[in-house]
J.: 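What follows is a single structure, and I will ask about it in a moment.
Scope of the values below: all heavy atoms of this structure, side chains included, with no hydrogens, waters or symmetry mates. Just so we're on the same page: letters track the sequence lines, and every chain starts at 1. What you are looking at is a predicted structure, and each value in this text was computed from that prediction instead of being measured.
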Amino acid sequence: MKEIRVRFAPSPTGPLHIGGARSALFNYLYAKASGGKLIIRIEDTDIERSSRQSEENILESLKWLGITWDEGPDIAGPYAPYRQTERLSAYGEFTKRLLAENKAYYCYCSPEELEAQRQDFMAKGELPRYNGKCAELTEMEKARLEAEGRIPVIRFRVPLNQDIVIHDLVRGDVIFESNGIGDFVIIKSDGLPTYNYAVVLDDALMKISHVIRAEEHLSNTPRQIVLYEALGLELPLFAHISLILGKDRSKMSKRHGATSVVQYKELGYLPQAVVNFLALLGWSPAGEEELFSMEELIANFSLDRVAKNPAVFDMDKLSWINGMYIRKSPVSEIAHMALPFLQQAGYVSGSPTEDEQKWVELVAAALQEHLATVGDIVEHMGILAGEDVTIESDEAKAILHEETFPLVIRAFQEKIAQLPELTPESIKPLLKSLTKELKLGGKQVYMPVRIALTGKMHGPELFYVIPVLGKELIAKRITKTTQEAGVQF
RNA sequence: GGCCCGGUGGUCAAGCGGUUAAGACACGGCCCUUUCAAGGCUGUAACACGGGUUCGAGUCCCGUCCGGGUCACCA
């Protein structure tokens, strides 16, 4: 059986886009599910916009997501190199052959002339495409044009009157007429191949068996197919997955919010959550489970459960999934992820002490259940840090005026004074014993203590809040809130 | 505009000629709970429209409408 080889071929012109990430993921899942290989190929023939920095960023984002590859620019492999600009020498003989067989020709039209042509077509209401002006130049004409200092491109001569059919794995057969495609450029005037040419050569040369990519490439595919045929190369199987749309149903872009993978990382999303969410965008599992680890995705993935219709990026669902993963993660991991956010907000020093690290761990434990993203942690810190407390409402204030309040708060203070160290484990029984000894309902103990300590009626479990605050802050905040409420005890 | 792809609740989606048209997110209610969150139960809500084909159409065909993609010396 033929080896399954799929590829993700980003152009390094910016950070990894969320849509690109999903293409990469589907390729990865397909490769893993079928025992095949994933190849990363960098399509950097647009030298103006490509950068090595973007390439590194893209590879880093893929790694962050947990997508690994078998061959690529950083690990080489049997079909190296994996950067298009380093593969140029391999293209020459193919181009020569096309030229020799008259399947391609030099074109001397300048950009200005092409633009004028296009305007002409548009004005006449015809489809704008290359008019074939240079298709049949004689040697003499070529020499003259070259003497003018014109640098030619090479165009592919698209065969006329042909139906080109794509047997698409997700869409079924898609048919294009070759007459709808004008002779297109395969070699630019700078000598570099265009995308449509390089992609065909590389996919063929790298023995790619399945091309899984976004739907925006569907209308390019007939160009590529005619090239495969002209060169006598074996066609891969194609699978075009639909696009990811923004809330207004247009293609995802900056104005829809975060579009790159790094942005999600920076906002405090977990890679497993992003992967899980992306997988569900356009693919659906056979069962009703929605939460999948990478291993489970691999075990369940198949191309025939990939949807044809575009999907709107639903931030709410991403947040929900992320929250699920945050709750499932060990506290230490959340603490680790939370640290930079807390540092940036000034709650923790640049190089945290051991005590600070323990404190962050407590904070993470307290807030873990409440977060949609790790970055959200900062919004909750008012309750857990600082001397600054204000009572949020008259309703809260009234609770401090209940007649049992002095009793409760005094007993509470006595109890924590006896503890050498405040820990969730020690506070939990302490609070319980308080209700018992005072013969009060839970609410009559927990609520006044909560308000005295935080000024709020809601928040994380008290047995977390108390150790996070520590004895000193507790004393200060009690003084402050009781003063504000005007209660003696 | 030409060509191509798509159209099931607000969103993601299951469905492959016969179902009370799943499930999830979001939203509302109830329960649990010291609060909130989580969790459990529950409710509102959909086959774009019009013609066919068929005993029977969300499912097949055609048209209309709507959305998207693409028409580069970008990828």
Side-chain angles (χ1 to χ4, degrees), chain A residues 9-13 43-46 48-50 84 107 109-111 114-115 118 122 125-130 151-155 166 168 170-171 174-177 179-182 184-196 198-199 214-223 240 242-243 245 247-251 277 280-291 305 307-321 323-324 327 367-372 380 431-432 435 441-451 454 456-463:
Chain A
S11 68
T13 55
E43 311 224 316
D44 56 352
T45 51
D46 182 351
E48 293 282 298
R49 298 192 302 149
S50 295
Q84 274 182 338
C107 168
C109 297
S110 68
L114 292 172
E115 183 53 33
R118 185 172 307 125
M122 300 280 255
E126 290 171 33
L127 70 159
R129 65 167 134 112
Y130 185 65
I151 301 160
V153 300
I154 298 175
R155 283 184 190 272
I166 306 168
D168 194 280
V170 350
R171 270 151 228 288
V174 181
I175 303 163
F176 290 84
E177 283 177 32
N179 294 5
I181 309 168
F184 55 92
V185 175
I186 55 175
I187 299 290
K188 301 185 262 185
S189 56
D190 62 5
L192 294 176
T194 57
Y195 163 75
N196 279 311
V199 79
E215 194 194 333
E216 54 191 323
H217 292 286
L218 187 58
S219 10
N220 274 319
T221 309
R223 288 181 180 74
H240 288 94
S242 58
L243 264 18
L245 271 27
K247 227 172 176 62
D248 62 355
R249 301 210 137 262
S250 68
K251 201 172 155 183
F277 175 69
L280 258 21
L281 228 45
W283 169 80
S284 65
E288 285 183 0
E289 190 52 55
E290 303 248 348
L291 265 17
R305 294 197 67 86
K308 298 187 193 28
N309 52 314
V312 172
F313 191 91
D314 182 3
M315 206 50 128
D316 283 336
K317 186 145 184 180
L318 206 212
S319 291
W320 173 74
I321 292 179
M324 297 302 283
R327 276 167 230 123
L367 261 16
Q368 184 169 25
E369 293 270 301
H370 297 256
L371 301 174
H380 296 266
L431 290 169
K432 220 162 230 154
T435 58
K443 210 164 191 165
Q444 288 169 284
V445 172
Y446 288 88
M447 207 36 103
V449 171
R450 176 180 293 283
I451 294 166
T454 69
K456 305 260 190 307
M457 295 180 65
H458 309 297
E461 300 280 7
L462 259 190
F463 58 82

J.: Report yes if the side chains of A:Asn309 and A:Ser242 come closer than 4.5 Å at any heavy-atom pair, otherwise no.
T.: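 No, their side chains stay 4.5 Å or more apart.
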J.: Would you kindly give the CD-to-P distance between A:Glu288 and B:rG15, to the nearest whole Å?
T.: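 Atom CD in A:Glu288 sits about 12 Å away from atom P in B:rG15.
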J.: Could you list all N or O pairs between the protein and nucleotides 37-39 of chain B that sit under 3.5 Å apart?
T.:
from	atom 1	to	atom 2	distance (Å)
B:rA37	O2'	A:Glu369	O	2.5
B:rA37	N3	A:Glu369	OE1	3.4

J.: Could you state the atom-to-atom distance from CZ of A:Arg305 to P of B:rA24 in whole Å?
T.: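 Result: 16 Å.
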J.: N/O contacts under 3.5 Å, protein versus nucleotides 58-62 of chain B?
T.:
none

J.: With sequence neighbours excluded, what pairs up with A:Asp46 under the side-chain contact (heavy atoms from CB on, under 4.5 Å) test?
T.: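 A:Asp46 satisfies side-chain contact (heavy atoms from CB on, under 4.5 Å) with A:Glu48, A:Arg49, A:Ser50 once adjacent residues are dropped.
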J.: Once you measure the plane-to-plane angle for A:Tyr195 and A:His217, does it fall in the parallel (<30°), tilted (30-60°) or perpendicular (>60°) bin?
T.: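 Correct class here is tilted.
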J.: Restricting to side-chain contact (heavy atoms from CB on, under 4.5 Å), what partner residues turn up for A:Ser189, sequence neighbours left out?
T.: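 Counting only residues at least two positions away or on another chain, A:Ser189 forms a side-chain contact (heavy atoms from CB on, under 4.5 Å) with A:Ile151, A:Val153.
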J.: List the atom of A:Thr435, the atom of A:Gly442, and the distance in Å for their closest heavy-atom pair.
T.: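 What the structure gives for the nearest pair is CG2-CA, 4.0 Å.
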J.: Which letter, B, S or -, goes with each nucleotide of nucleotides 4-10 of chain B from 5' to 3', with contact meaning a protein heavy atom under 4.0 Å?
T.: SBSS---
J.: Once salt bridge (charged side-chain N to carboxylate O under 4.0 Å, His left out) is applied, do any residues pair with A:Glu43, and if so which ones, sequence neighbours excluded?
T.: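 If we apply the salt bridge (charged side-chain N to carboxylate O under 4.0 Å, His left out) test to A:Glu43, skipping adjacent residues, the hits are A:Arg41.
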J.: What distance, rounded to whole Å, do you find between the two P atoms, one in B:rA24 and one in B:rG39?
T.: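 That atom pair is separated by 11 Å.
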J.: State, with a plain yes or no, whether a side-chain heavy atom of A:Leu218 is found less than 4.5 Å away from one of A:Asp168.
T.: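 They are in contact (side-chain heavy atoms under 4.5 Å apart), so the answer is yes.
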J.: Whenever both distances are under 3.5 Å in a Watson-Crick or G-U wobble pair, mark it; put RNA chain B into dot-bracket that way, with [ ] for crossing pairs and | when the partner is on another strand.
T.: ((((((((.[[[..)..(....]]].(((((.......)))))....[[[[[..)....]]]]])))))))....
J.: When you look at A:Gln84 and A:Leu192, which way does the side chain to side chain contact (heavy atoms under 4.5 Å, CB included) test go after all the steps?
T.: CA-CA 10 Å; A:Gln84 274 182 338; A:Leu192 294 176; over 6 Å; no
J.: Heavy-atom distance under 4.5 Å between the side chains of A:Thr45 and A:Pro193, does that happen here?
T.: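 In short, these two side chains touch, coming nearer than 4.5 Å.
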J.: Specify the separation, in whole Å, of atom NZ of A:Lys443 and atom P of B:rU33.
T.: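 My rounded result for the distance is 11 Å.
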J.: Are A:Leu281 and A:Phe277 packed together at the side-chain level, in the sense that at least one heavy-atom pair is separated by less than 4.5 angstrom?
T.: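 When only atoms from C-beta onward are counted, A:Phe277 and A:Leu281 do touch, with a gap below 4.5 Å.
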J.: Figure out the CD/P separation between A:Glu290 and B:rU11, and round it to whole Å.
T.: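 In whole Å, B:rU11 P lies 16 Å from A:Glu290 CD.
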J.: Between N or O atoms, less than 3.5 Å apart, protein on one side and nucleotides 42-45 of chain B on the other: list the pairs.
T.:
none

J.: When you measure from the side chain of A:Arg171 to the backbone N and O of A:His240, does any donor-acceptor pair fall under 3.5 Å?
T.: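 At least one qualifying donor-acceptor pair exists.
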J.: With P as the reference atom in both, quote the distance from B:rC47 to B:rG7 in angstrom, rounded to an integer.
T.: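 It works out to 15 Å between them.
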J.: Hey, does A:Gly441 reach any base, or is it just sugar-phosphate, or nothing, if we go heavy atoms under 4.0 Å?
T.: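 The answer is nothing, as A:Gly441 stays clear of every strand by at least 4.0 Å.
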J.: With rounding to the closest Å, how many angstrom separate the C1' atoms on B:rA14 and B:rA46?
T.: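 Comparing C1' positions in B:rA14 and B:rA46 gives a spacing of 13 Å.
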J.: State which residues pass side-chain contact (heavy atoms from CB on, under 4.5 Å) with A:Met447; sequence neighbours excluded, sorted by chain then number.
T.: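 Testing A:Met447 for side-chain contact (heavy atoms from CB on, under 4.5 Å), a comparison that skips the adjacent residues, returns A:Ile399, A:Arg450, A:Ile451, A:Met457.
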J.: Rounding to an integer number of Å, can you tell me how far A:Asp248 CG sits from B:rU11 C1'?
T.: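 Distance, rounded to whole Å: 14 Å.
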J.: Looking at every heavy atom in both A:Val170 and A:Ala307, which two are closest together, and how far apart are they?
T.: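 Scanning both residues completely, I find the closest heavy atoms to be CG2-O, 4.3 Å.
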J.: Using whole Å, what does the distance between atom P of nucleotide B:rC36 and atom CG of A:Leu462 come to?
T.: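 Value for this atom pair: 13 Å.
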J.: Taking CZ from A:Phe463 and P from B:rC36, how many angstroms apart are they, rounded to a whole number?
T.: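 Whole-Å distance recorded here is 15 Å.
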J.: Expressed as a whole number of angstroms, how long is the span from A:Gln368:CD to B:rC36:C1'?
T.: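 It works out to 16 Å between those atoms.
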J.: If the condition is salt bridge (charged side-chain N to carboxylate O under 4.0 Å, His left out), which residues does A:Lys251 pass it with, not counting sequence neighbours?
T.: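 Partners of A:Lys251 under the salt bridge (charged side-chain N to carboxylate O under 4.0 Å, His left out) test: A:Glu216.
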J.: Taking B:rC12 as the reference, what is the distance to B:rU64 when you measure between their P atoms (whole Å, please)?
T.: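 B:rU64 and B:rC12 have their P atoms separated by 26 Å.
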J.: What's touching nucleotides 73-75 of chain B from the protein side, N or O pairs under 3.5 Å?
T.:
from	atom 1	to	atom 2	distance (Å)
B:rC73	O2	A:Ser189	N	2.8
B:rC73	O2	A:Ser189	OG	2.6
B:rC73	N3	A:Ser189	OG	3.1
B:rC73	N4	A:Cys109	O	3.3
B:rC74	OP2	A:Lys188	NZ	2.8
B:rC74	O2'	A:Asp46	OD2	2.8
B:rC74	O2'	A:Arg49	NH2	3.2
B:rC74	O2	A:Arg49	NH2	3.4
B:rA75	OP1	A:Thr45	OG1	2.7
B:rA75	OP1	A:Lys188	NZ	2.9
B:rA75	OP2	A:Tyr195	N	2.9
B:rA75	O3'	A:Glu43	O	3.3
B:rA75	O3'	A:Glu43	OE1	3.1
B:rA75	O2'	A:Ser11	OG	3.1
B:rA75	N6	A:Asn220	OD1	3.3
B:rA75	N6	A:Asn220	ND2	2.7
B:rA75	N1	A:Asn220	ND2	3.3

J.: Between A:Glu177 and A:Pro460, which is nearer to the 5' end of RNA chain B once each is assigned its nearest nucleotide?
T.: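 Here A:Glu177 is the residue nearer the 5' end.
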J.: Can you sort out the partners of A:His370 under side-chain hydrogen bond (donor to acceptor under 3.5 Å, both in side chains), two or more places apart, ordered by chain and number?
T.: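 With sequence neighbours excluded, A:His370 shows a side-chain hydrogen bond (donor to acceptor under 3.5 Å, both in side chains) to no residue whatsoever.
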J.: Has the side chain of A:Arg305 got a donor or acceptor atom that lies under 3.5 Å from a matching backbone atom of A:Ser284?
T.: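 Confirmed, A:Arg305 side chain pairs with A:Ser284 backbone.
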J.: For residues A:Ser219 and A:Phe176, report the shortest heavy-atom separation together with the two atoms involved.
T.: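 That closest heavy-atom pairing would be CA-CZ, 4.1 Å.
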J.: May I have the step-by-step check of side chain to side chain contact (heavy atoms under 4.5 Å, CB included) for A:Lys317 and A:Glu290, ending in yes or no?
T.: CA-CA 11 Å; A:Lys317 186 145 184 180; A:Glu290 303 248 348; 2.9 Å; yes
J.: If you measure only the distance, is there a donor-acceptor pair under 3.5 Å linking the side chains of A:Asn196 and A:Thr194?
T.: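 The answer is no; no qualifying pair exists.
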